[in-house]
Amino acid sequence: MDKDTLVDLFERRDKKRRRLLYRLYQELIHSDLTAAYIADKISWELKREGLIKSTDIKFCRYHFKKRPLKKLSHSPVSTPAIRTKDQKPETASATGLDGTWTDPEKISLIDNLIVESKFAKKKNHET
């Protein structure tokens, strides 16, 4: 992605425009210069007067300083494994899970409703 894409995104008011602005000008945005000066400098560099506002710079400083963006990787996207009709799905034993299920009719509802509080006095069974 380059500066032409950034200009196009800002002209369209795309919701990802500030993310790209931050990626391209991260060091300048975090510099000690004022947000208005940085906005003017970037707009001048893009040859579009007033395209970048100081509020865009403030937004980037606030949101992306807390959660820095991950670096762009130009590696190809991995595709998920496609299963053919001949392949069988993995069984519970193959994945390491045991194949036992709890029958909901065998569970006593009264046992499930008993809740013990750590503040309740415990009965003393000593006699």
Side-chain angles (χ1 to χ4, degrees):
M1 300 217 192
D2 58 347
K3 296 175 183 180
D4 294 331
T5 307
L6 179 65
V7 170
D8 188 41
L9 290 176
F10 266 90
E11 287 175 346
R12 293 178 185 213
R13 306 300 292 173
D14 190 275
K15 63 181 181 179
K16 299 287 184 176
R17 67 188 184 274
R18 291 175 175 155
R19 184 179 301 266
L20 182 60
L21 173 69
Y22 183 76
R23 287 187 185 198
L24 293 175
Y25 295 100
Q26 182 174 359
E27 287 133 19
L28 186 61
I29 289 172
H30 286 298
S31 67
D32 291 336
L33 302 171
T34 64
Y37 178 78
I38 294 170
D40 290 341
K41 182 174 176 129
I42 294 172
S43 294
W44 179 82
E45 189 175 309
L46 296 173
K47 298 176 178 78
R48 302 287 173 114
E49 180 104 13
L51 181 68
I52 309 296
K53 310 267 189 276
S54 63
T55 54
D56 297 321
I57 304 301
K58 291 176 184 177
F59 179 91
C60 291
R61 283 179 175 171
Y62 179 78
H63 287 285
F64 300 127
K65 190 171 189 175
K66 291 180 181 177
R67 300 170 271 156
L69 295 176
K70 296 177 183 174
K71 299 222 176 202
L72 289 175
S73 63
H74 297 290
S75 61
V77 178
S78 62
T79 58
I82 299 173
R83 196 175 62 180
T84 62
K85 292 180 180 180
D86 297 339
Q87 291 178 332
K88 294 181 180 178
E90 292 182 9
T91 60
S93 60
T95 59
L97 301 173
D98 60 347
T100 59
W101 291 84
T102 304
D103 187 7
E105 294 175 359
K106 292 183 181 178
I107 298 175
S108 172
L109 293 177
I110 295 173
D111 292 338
N112 290 338
L113 295 176
I114 296 174
V115 178
E116 294 183 16
S117 171
K118 67 179 184 180
F119 300 109
K121 293 182 179 178
K122 294 185 179 182
K123 294 180 182 177
N124 207 356
H125 292 289
E126 296 176 27
T127 52

With respect to Leu24, which candidate in Leu46, Leu6, Ile42 satisfies the side-chain contact (heavy atoms from CB on, under 4.5 Å) definition?
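The side-chain contact (heavy atoms from CB on, under 4.5 Å) with Leu24 is passed solely by Leu6 among Leu46, Leu6, Ile42.
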Pair up each side-chain donor or acceptor in residues 27-36 with any protein partner under 3.5 Å, not counting sequence neighbours, and list the distances.
{"from": "His30", "atom 1": "NE2", "to": "Tyr22", "atom 2": "OH", "distance (Å)": "2.7"}
{"from": "Ser31", "atom 1": "OG", "to": "Leu28", "atom 2": "O", "distance (Å)": "2.6"}
{"from": "Thr34", "atom 1": "OG1", "to": "Tyr37", "atom 2": "N", "distance (Å)": "3.2"}

Determine whether the side chains of Thr5 and Asp2 contain a donor N or O and an acceptor N or O closer than 3.5 Å.
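On atom types as modelled, these side chains qualify, holding a pair under 3.5 Å.
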Tell me every residue that passes side-chain contact (heavy atoms from CB on, under 4.5 Å) with Lys15, counting only those two or more places apart in sequence or in another chain.
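Per chain and number, Lys15 pairs via side-chain contact (heavy atoms from CB on, under 4.5 Å) with no residue.
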Name all residues meeting the side-chain contact (heavy atoms from CB on, under 4.5 Å) criterion together with Asp14; count only those two or more places apart in sequence or in a different chain, and write none if there are none.
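Asp14 satisfies side-chain contact (heavy atoms from CB on, under 4.5 Å) with Leu9, Lys16 only.
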Residues two or more places apart in sequence or in another chain: which of them pass side chain to side chain donor-acceptor pair (under 3.5 Å) with [X]?
| X | value |
| --- | --- |
| Glu11 | Arg48 |
| Arg17 | none |
| Arg12 | Asp8 |

Distance-only, no hydrogens or angles: does the Lys47 side chain make a donor-acceptor pair with backbone N or O of Trp44 under 3.5 Å?
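Judged by distance alone, no pair lies under 3.5 Å.
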What pair of heavy atoms forms the shortest contact from [X] to [Y], and how long is it?
| X | Y | value |
| --- | --- | --- |
| Ser43 | Ile52 | OG-N, 3.0 Å |
| Phe64 | Arg19 | CZ-CA, 3.8 Å |
| Ser54 | Ala39 | N-CB, 3.7 Å |

Verify side-chain contact (heavy atoms from CB on, under 4.5 Å) between Tyr25 and Lys3, making sure each step is shown before the conclusion.
CA-CA 10 Å; Tyr25 295 100; Lys3 296 175 183 180; 3.4 Å; yes
NZ/Lys53 to CZ/Arg18 distance, rounded to the nearest 0.5 angstrom?
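Answer rounded to 0.5 Å: 11.0 Å.
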